[in-house]
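Reviewing the structure listed below.
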Amino acid sequence: MKTSVAILVFLSFCACASRQDFQEKQQLGYIRSGETWLDTDEAPIESHAGGFLYRDGIYYWYGENHAKGFYNKTGISCYSSTDLINWKNEGIVMPRDSFPLLYRSYTNDEVIPEGCSNNGVAERPKVIYNEKTKKYVMWVHLDADGYVFSTAGVAVSDSPVGPFTFLKEFRPVKYRYSGIDDENGDKERTLLIDEKGKGNTYRDMNLFVDDDGKAYVFYASENNATLYIVRLNDQYTDIERPLKENENWARALPFGYREAPAPFKHKGKYYMITSGLTGWTPNPAQYHVADHILGPWKTVGDPCIGPESESTFHSQSTFVLPVEGKPEGSFIFMADRWNGHKLENSRFVWLPFIIGDDSEIRLEYFTEWNWDVFDQVADMPSPPHVKLNLDKVLTWQSVKGANAYRIYKNGEYVAVTSNTQYVLPEELAGKAYNFTVMAMKLNGQSSLPSKPVTVSWEEVGDVFLSDVKPDRWAQHWGFLRYDRALENGPLNVAGQVFEKGFGTHAPGEIVYRTCGKYSRLKGYCGVDNYASFDDVSSIGFKIIGDGKILFETDVMRVNTPAAAFDVDVAGISELKLITTDGGDGTHLDHADWCDVYLVK
Ligand code: DGJ
């Protein structure tokens with residue numbers, strides 16, 4: 001067999017294997033966040049920043065279609081399902097060409113019509129049903145040219161599966177606020193946004209229909225400084241007029257800089273999960289509570305618990321859906337795991353949660369789960385009895401009533417699983433840790449911890465550093481990425497692509513205790529070509545072993561080829577990979593450490 005044929009056979013085997021696995025799990029009703037979700041035609045679901053509508057036993061999922069990449073090149077997708085697992089593609093219910101020219105975008109092989117920005121977006125579409133007019137009403141954030149237009153778009157349809165007809169675009173509220181209206185001192189952009197002339201900006205949005213049939217739009221306004229909540233008219237096609245602050249509209253969380261609002265209601269209280277503002281890169285979520293929909297809204301804190309909670313498990317909120325047919329208080333948090341390099345490769349994160357008597361939201365990362373998690377058992381689970389297998393796998397027998405198990409490493413919460421085993425991740429030689437396991441229920445109840453199991457890593461082998469979690473890391477902005485660049489694309493230094501390594505943001509450091517067990521550290525470093533559109537990135541790279549400089553580069557820029565290193569680390573117990581801002585500020589200092597590995 002020729003190599004290329006062999007590769008093809010191998011790749012199609014891999015694709016089939018994972019597809020089969022996906023389908024088997026799908027049949028069992030499992031949700032697996034972060035994977036490619038297939039529709040009933042076995043095509044990947046393309047519906048980002050989605051909104052959900054439940055009507056007559058059917059769920060409809062509306063979202064941005066990014067099959068052709070960035071911008072509004074296709075329009076708004078719709079999928080339907082009776083079980084939230086098997087999704088039928090209902091097609092593009094609001095095609096690109098139904099939007100005003102400014103908010104469209106065209107592929108390279110299309111002719112761009114005059115008046116089209118060719119970078120228009122139609123983001124975060126949401127659809128609600130109006131009982132009086134019997135119409136389905138869509139609201140969407142329309143924009144172009146770096147988000148300076150920031151406008152609401154409204155469309156209607158007689159059917160949930162479209163076609164939707166565009167009605168109008170507008171900025172709903174004109175309000176003279178004082179405070180910060182000049183994003184990072186960027187006067188030119190403030191002029192383009194023109195909040196004083198056109199009205200207040202309209203960006204990340206959501207819709208919510210209250211029990212009395214009144215509907216509200218939630219959106220990021222005041223150039224993203226403040227969330228607005230505005231009551232809609234009886235048809236849901238406009239805002240209620242005339243506007244009266246705190247009667248039919250309100251400024252929520254003034255100068256809180258929150259976006260991606262996902263509002264919902266439980267036992268008469270209003271809740272909202274939001275994200276911070278970091279583009280396509282994740283950040284910590286917050287949740288807010290109010291007794292009245294127009295507020296005052298109180299920020300409670302981060303709903304996410306456990307490992308990766310600081311990045312909302314690498315996702316950003318889009319919707320909170322109450323689960324039909326399960327006990328009151330059962331919800332799904334729905335979010336997007338954006339791929340800021342290729343939007344079409346963004347994935348979905350859905351996590352179950354239950355609001356109990358304490359009114360708290362607790363989101364934990366379940367790699368897979370099914371609807372059984374919502375069925376509560378009254379008993380407090382007893383602690384698991386944990387055993388260590390020879391091949392570094394912790395196992396235990398399932399605990400009655402538990403929905404999941406938390407794993408603690410030296411007392412630090414490092415993982416959660418719905419299975420009864422945990423494969424210990426690779427560690428550097430010379431390390432030893434105590435592991436305990438705690439059974440937990442979705443409502444926040446947990447068992448006592450198991451007895452600790454001590455595991456040590458004695459064997460020395462060559463190891464890619466990015467396969468092992470560092471002892472600590474810190475960086476100017478964002479989160480340390482493993483085998484990815486900071487913005488979630490491949491590690492790429494001046495066109496050279498690497499599969500292994502770290503994407504980080506200078507200045508920063510990544511620290512490993514190596515316990516004197518390795519002989520050499522090899523790899524490459526350089527500026528990630530994410531910022532190749534500009535020449536502002538400049539970074540210095542340095543490797544320090546037990547306080548001594550082992551390797552140092554001159555300032556590297558976006559087109560500087562990757563610098564190779566191969567340094568002696570014999571006897572060294574602590575290694576630091578350090579990046580500096582190159583002496584001229586941190587703007588776009590996306591740094592890559594590539595193919596970094598320790599030799600025994
Ligand atoms: C974050 C928003 O939540 C997304 O909807 C999108 O507008 C990106 N920013 C664009 O950077």
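One-based numbering, in listed order, for ligands and for the atoms of each. Nothing fancy with the numbering, it's 1 onward along the sequence.
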Name the closest protein heavy atom to atom 3 (O) of ligand 1, giving the residue it belongs to and the distance to 0.1 Å. Asp204 OD2, 2.4 Å

I'd like to check Tyr60 versus Val127 (side-chain heavy atoms, cut-off strictly below 4.5 Å). Are they in contact? no

Applying a 4.0 Å heavy-atom criterion (strictly less than), which segment of Arg124 is in contact with ligand 1: side chain, backbone, both, or neither? side chain

Is it true that the side chains of Glu222 and Tyr228 contain a donor and an acceptor less than 3.5 Å apart? yes

Residue-level breakdown please: for Trp338 versus ligand 1, do any non-hydrogen atoms fall below 4.0 Å on the side chain, on the backbone, on both, or on neither? neither

Checking side chain to side chain donor-acceptor pair (under 3.5 Å) against Glu195, which of Asn223, Thr201, Thr190 comes through? Thr201

Sub-4.0 Å atoms of ligand 1 with respect to non-hydrogen atoms of Glu123: 4 (C), 5 (O), 6 (C), 7 (O)

Heavy-atom nearest neighbour in the protein, as seen from atom 9 (N) of ligand 1, with distance rounded to 0.1 Å: Gly279 O, 3.5 Å

Side-chain donor-acceptor pair present, Ser466, Asp483, cut-off under 3.5 Å: yes

Side chain, backbone, both or neither: the part of Gln316 lying under 4.0 Å from ligand 1 by heavy atom: side chain

Using ring centroids (six-membered ring only for Trp), state whether Trp61 and Trp350 fall under 6.0 Å. yes

If you draw the axis of the six-membered ring of Tyr482, does the NZ or CZ of Lys469 fall within 45° of it and under 6.0 Å from the ring centre? yes

Which heavy atom of the protein is the closest neighbour of atom 1 (C) of ligand 1, given with residue, atom name and distance? Glu259 OE2, 3.1 Å

